[in-house]
Enquirer: 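There's a structure below that I have some questions on.
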Amino acid sequence: MAPKKGVRPAAAAKKKPEKVVNPLFEKRPKQFGIGGALPPKKDLHRFVKWPKVVQIQRKKRILSQRLKVPPPLNQFTKTLDKNLATSLFKMLLKYRPEDKAAKKERLLKRAQAEADGKPVEAKKPIVVKYGLNHVTYLIEQNKAQLVVIAHDVDPIELVVWLPALCRKMEIPYCIVKGKSRLGTIVHKKTASVLCLTTVKNEDKLEFSKILEAIKANFNDKYDEYKKKWGGGIMGSKSQARTKAKERLLAKEAAQRMS
């Protein structure tokens, strides 16, 4: 019987070449059940039990993203940009207060001079002021020329009122990243706030430029930051669910219209 038109005859099945097995090497697949072979090593980073401090830090950060953050707290997320912060810290490093060794040396020289009957110089050095109470007093007395606040003070209530006080007294203030970075300037582990009361004549031009930039970024934008809430950023899964719901609602609305 002749084959039907348009139908190809079935091709002869190709024979696969038989795999040559070496009888010396027997195939024994691993069994990963209980009492069996050890499983291959994999990345267990997800299952690490982190220290409680790290857990709290991470949960706190995620909560601050998820919950609605009021404007007085949200303003501490708006920090000084990198270039301006670098020039500011260069300026602050010029006015570091003396450390213990330098103070000891100065007092020894002073005692030696007094013992020899020489006049002692009592010129007050120009240095960075630190300590929350001391800086607050300088702001209230209108002696401060620039106030630098750390963004990660804990509890934040310690410094949350400082920007409002600086604005009221018309003193330039800025919020920078890192209380530990401020602490290195004054030979401490951390410092929540620093302050400059005056600078040397050779630094006045550079200092005035820094003040102008800081005023534009913080003092002049105070009213804008006062109304801006933060947070309310959901996780990737929640955002995907919301988008899927929106697409479904849009599709239903389009069907009703048609």
Enquirer: Which residue in the set Arg106, Lys103, Lys104 passes salt bridge (charged side-chain N to carboxylate O under 4.0 Å, His left out) when paired with Glu98?
Expert: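 The salt bridge (charged side-chain N to carboxylate O under 4.0 Å, His left out) with Glu98 is passed solely by Arg106 among Arg106, Lys103, Lys104.
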Enquirer: Looking at Ile233, is its backbone amide N or carbonyl O close enough to the side chain of Arg66 to form a donor-acceptor pair, meaning the two atoms are under 3.5 Å apart?
Expert: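 Between the backbone of Ile233 and the side chain of Arg66 there is a qualifying donor-acceptor contact (under 3.5 Å).
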Enquirer: Supply the atom-to-atom distance Leu165 CG to Arg167 CZ, rounded to the nearest 0.5 angstrom.
Expert: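 Rounded to the nearest 0.5 Å, the CG-CZ separation comes to 12.5 Å.
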Enquirer: If every non-hydrogen atom of Tyr222 is compared with every non-hydrogen atom of Tyr173, which pair is closest and at what distance?
Expert: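 Residues Tyr222 and Tyr173, closest heavy atoms: CD1-OH, 3.5 Å.
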Enquirer: With rounding to the nearest 0.5 Å, note down the distance linking CD1 in Ile214 to CG in Asn217.
Expert: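 So the CD1 of Ile214 and the CG of Asn217 are separated by 8.0 Å.
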Enquirer: For Tyr130, run the side-chain contact (heavy atoms from CB on, under 4.5 Å) check against Pro97, Ser192, Cys195 and tell me which one passes.
Expert: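 When side-chain contact (heavy atoms from CB on, under 4.5 Å) is applied between Tyr130 and each of Pro97, Ser192, Cys195, only Pro97 qualifies.
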Enquirer: Going by heavy atoms in the side chains, are Val127 and Lys129 under 4.5 Å from each other?
Expert: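 Yes. Closest side-chain heavy atoms under 4.5 Å.
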Enquirer: Any non-hydrogen side-chain atom of Asp203 less than 4.5 Å from a side-chain atom of Tyr95?
Expert: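 In contact.
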Enquirer: Report yes if the side chains of Val176 and Leu182 come closer than 4.5 Å at any heavy-atom pair, otherwise no.
Expert: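 Answer yes - side chains close enough.
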Enquirer: I need the Asn219 CG to Leu211 CG distance, nearest 0.5 Å.
Expert: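 Asn219 CG to Leu211 CG: 9.5 Å, rounded to 0.5 Å.
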Enquirer: Can you find a heavy atom in the side chain of Val69 that is under 4.5 Å from one in the side chain of Trp229?
Expert: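 No, too far: nothing below the 4.5 Å cut-off.
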Enquirer: Quick check: are there more than 12 heavy atoms from other residues, nucleotides or ligands sitting under 6.0 Å from CD of Glu170?
Expert: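 For Glu170, atom CD is not crowded (no more than 12 foreign heavy atoms under 6.0 Å).
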Enquirer: Would you indicate whether Asn133, at its atom CG, is surrounded by more than 12 heavy atoms from other residues, nucleotides or ligands within a distance under 6.0 Å?
Expert: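 Incorrect, the count does not exceed 12.
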Enquirer: Using the rule salt bridge (charged side-chain N to carboxylate O under 4.0 Å, His left out), only one of Lys227, Lys221, Lys226 pairs with Asp223; which is it?
Expert: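 Per the salt bridge (charged side-chain N to carboxylate O under 4.0 Å, His left out) rule, the option paired with Asp223 is Lys226, out of Lys227, Lys221, Lys226.
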Enquirer: Without placing hydrogens or testing angles, list every side-chain donor-acceptor pair under 3.5 Å for residues 71-89, not counting sequence neighbours.
Expert:
residue	atom	partner	partner atom	Å
Asn74	OD1	Thr77	OG1	3.4
Asn74	ND2	Lys228	O	3.3
Gln75	NE2	Pro72	O	3.1
Thr77	OG1	Asn74	O	2.5
Asp81	OD1	Asn83	N	3.4
Asp81	OD1	Leu84	N	3.2
Thr86	OG1	Lys82	O	2.7
Ser87	OG	Asn83	O	3.4
Ser87	OG	Leu84	O	2.8

Enquirer: So Leu196 and Phe207, do their side chains get closer than 4.5 Å, heavy atoms only?
Expert: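 Result yes, sub-4.5 Å side-chain heavy-atom pair found.
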Enquirer: Name every donor-acceptor pair, under 3.5 Å, that has one atom in a side chain of residues 144-159 and the other anywhere in the protein, sequence neighbours excluded.
Expert:
residue	atom	partner	partner atom	Å
Gln145	NE2	Thr197	O	3.0
His151	ND1	Gly178	N	3.2
Asp152	OD1	Lys179	N	3.0
Asp154	OD1	Lys60	NZ	3.4

Enquirer: Atom CG of residue position Leu38 - does it have more than 12 heavy atoms of other residues, nucleotides or ligands inside 6.0 Å?
Expert: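 Atom CG in Leu38 is not packed in, count stays at 12 or less.
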Enquirer: Might you point out which heavy atoms bring Pro40 and Phe32 nearest each other, and give the distance in Å?
Expert: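 So the minimum-distance heavy-atom pair works out to CD-CE2, 4.0 Å.
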Enquirer: Let me confirm one number: the CD-CE distance from Gln141 to Met169, rounded to the nearest 0.5 Å.
Expert: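 So the gap between those two atoms works out to 8.0 Å.
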Enquirer: Check whether any side-chain heavy atom of Ile126 lies under 4.5 Å from a side-chain heavy atom of Lys200, and answer yes or no.
Expert: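 Heavy-atom side-chain distance check passes, below 4.5 Å.
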Enquirer: Taking everything shown except Tyr137 itself, do over 12 heavy atoms lie less than 6.0 Å from its OH?
Expert: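 No, the 6.0 Å shell around OH holds no more than 12 heavy atoms from other groups.
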Enquirer: Please table the atom pairs, donor to acceptor, closer than 3.5 Å between any side-chain atom in residues 244-253 and protein atoms at least two apart or in another chain.
Expert:
none

Enquirer: Has Leu24 got more than 12 heavy atoms of other residues, nucleotides or ligands less than 6.0 Å from its CG?
Expert: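 Yes - once you tally the heavy atoms of other residues, nucleotides and ligands closer than 6.0 Å, there are more than 12.
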Enquirer: Same cluster or not: are Leu205 and Val199 linked, directly or through other Ile, Leu, Val, Met, Phe, Trp or Tyr residues, by side-chain heavy atoms under 4.5 angstrom apart?
Expert: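 No, separate clusters.
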Enquirer: Any side-chain to backbone donor/acceptor pair from Ser238 onto Gly235? Under 3.5 Å, distance only.
Expert: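 Side chain of Ser238 to backbone of Gly235, a donor-acceptor pair under 3.5 Å: no, none is there.
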Enquirer: Working to the nearest 0.5 angstrom, can you tell me the gap between Lys143 NZ and Leu138 CG?
Expert: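 Between Lys143 NZ and Leu138 CG, I get 7.0 Å after rounding to 0.5 Å.
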Enquirer: Measure from the side-chain N and O atoms of Gln31 to the backbone N and O of Ala37, and report whether any donor-acceptor pair falls under 3.5 Å.
Expert: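 Checking the backbone N and O of Ala37 against the side chain of Gln31, no donor-acceptor pair under 3.5 Å is found.
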Enquirer: Could you tell me whether Phe25 atom CZ has more than 12 heavy atoms of other residues or ligands within 6.0 Å of it?
Expert: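 12 or below, so no.
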Enquirer: Report yes or no: does Gln55 contribute a side-chain atom to a donor-acceptor pair with the main-chain N or O of Trp50 at less than 3.5 Å?
Expert: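 Flag set: sc Gln55 to bb Trp50 pair under 3.5 Å.
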Enquirer: Rounded to the nearest 0.5 Å, how far apart are NE2 of His134 and CG of Leu194?
Expert: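 Between atom NE2 of His134 and atom CG of Leu194 there are 11.5 Å.
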